[in-house]
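Comments concern the structure below.
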Amino acid sequence: MQVAIVYEYRGQSEIFHGRTHDLSLSGASVYSDHNIFVEEPVKILLAIPPLSSNQHKKIIEIHSQMAYTVMPANYHKFRIGLHFLRFKEDGSTILDAYLAHRTPLG
């Protein structure tokens, strides 16, 4: 799913786009064309696809900490590891419902 990584650099907001690779309630890995890593917390805007055709995608905001940035040998994009610190409003509930619907039980 689509994701935007937003952080402050020299007083300006920097925004980078990517796609999630692994996703859970505690973190994600994101593929990006850019090699970015910052030690300060970043804001993640995650586009959650609708669960049914009569719904719209939802954008949730998650304050996160970058854990790593690597370029895997088998993929020509950078993979960024993110640890989720806190969700804005009901973001964790929305993500939890999406993951429960998408993940087979058993």
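Each residue takes its place number in the sequence, starting with 1. What you see is a predicted model, and the numbers here were worked out from it, not measured in a lab.
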Please examine the side chains of [Y] and [X], heavy atoms only from C-beta on, and report whether any two atoms are closer than 4.5 Å.
X: Lys57; Y: Pro50; result: yes
X: Gln65; Y: Leu82; result: no
X: Ile60; Y: Leu45; result: no
X: Leu46; Y: Ile48; result: yes
X: Phe84; Y: His63; result: no

To the nearest 0.5 Å, how far apart are [atom1] in [X] and [atom2] in [Y]?
X: Ser64; Y: Ile80; atom1: OG; atom2: CD1; value: 11.5 Å
X: Lys58; Y: His56; atom1: NZ; atom2: NE2; value: 10.5 Å
X: Glu61; Y: Ile44; atom1: CD; atom2: CD1; value: 10.0 Å

Hydrophobic cluster membership, Ile94 vs Leu85, 4.5 Å side-chain cutoff:
no
Among the clusters formed by ILVMFWY side chains lying less than 4.5 Å apart, do Leu95 and Ile59 turn up in the same one?
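Hydrophobic grouping puts Leu95 apart from Ile59.
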Extract all donor-acceptor atom pairs below 3.5 Å that involve side chains of residues 6-17 and protein atoms in other chains or at least two apart in sequence.
residue, atom, partner, partner atom, Å
Glu8, OE2, Ser13, OG, 2.7

List the atom pairs, donor and acceptor, that lie under 3.5 Å between side-chain atoms in residues 22-43 and the rest of the protein, sequence neighbours left out.
residue, atom, partner, partner atom, Å
Ser24, OG, Ser26, N, 3.1
Ser24, OG, Ser26, OG, 3.2
Ser24, OG, Gly27, N, 3.3
Ser24, OG, Gly27, O, 3.4
Ser29, OG, Asp22, N, 3.2
Ser32, OG, His34, N, 3.1
Asp33, OD1, Lys77, NZ, 2.4

Would you say CD of Gln2 has more than 12 non-hydrogen atoms from neighbouring residues, nucleotides or ligands within 6.0 angstrom?
no
How is the hydrophobic cluster of Met71 composed, in terms of its other members, when Ile, Leu, Val, Met, Phe, Trp and Tyr link through side-chain heavy atoms under 4.5 Å apart, directly or indirectly?
Phe78
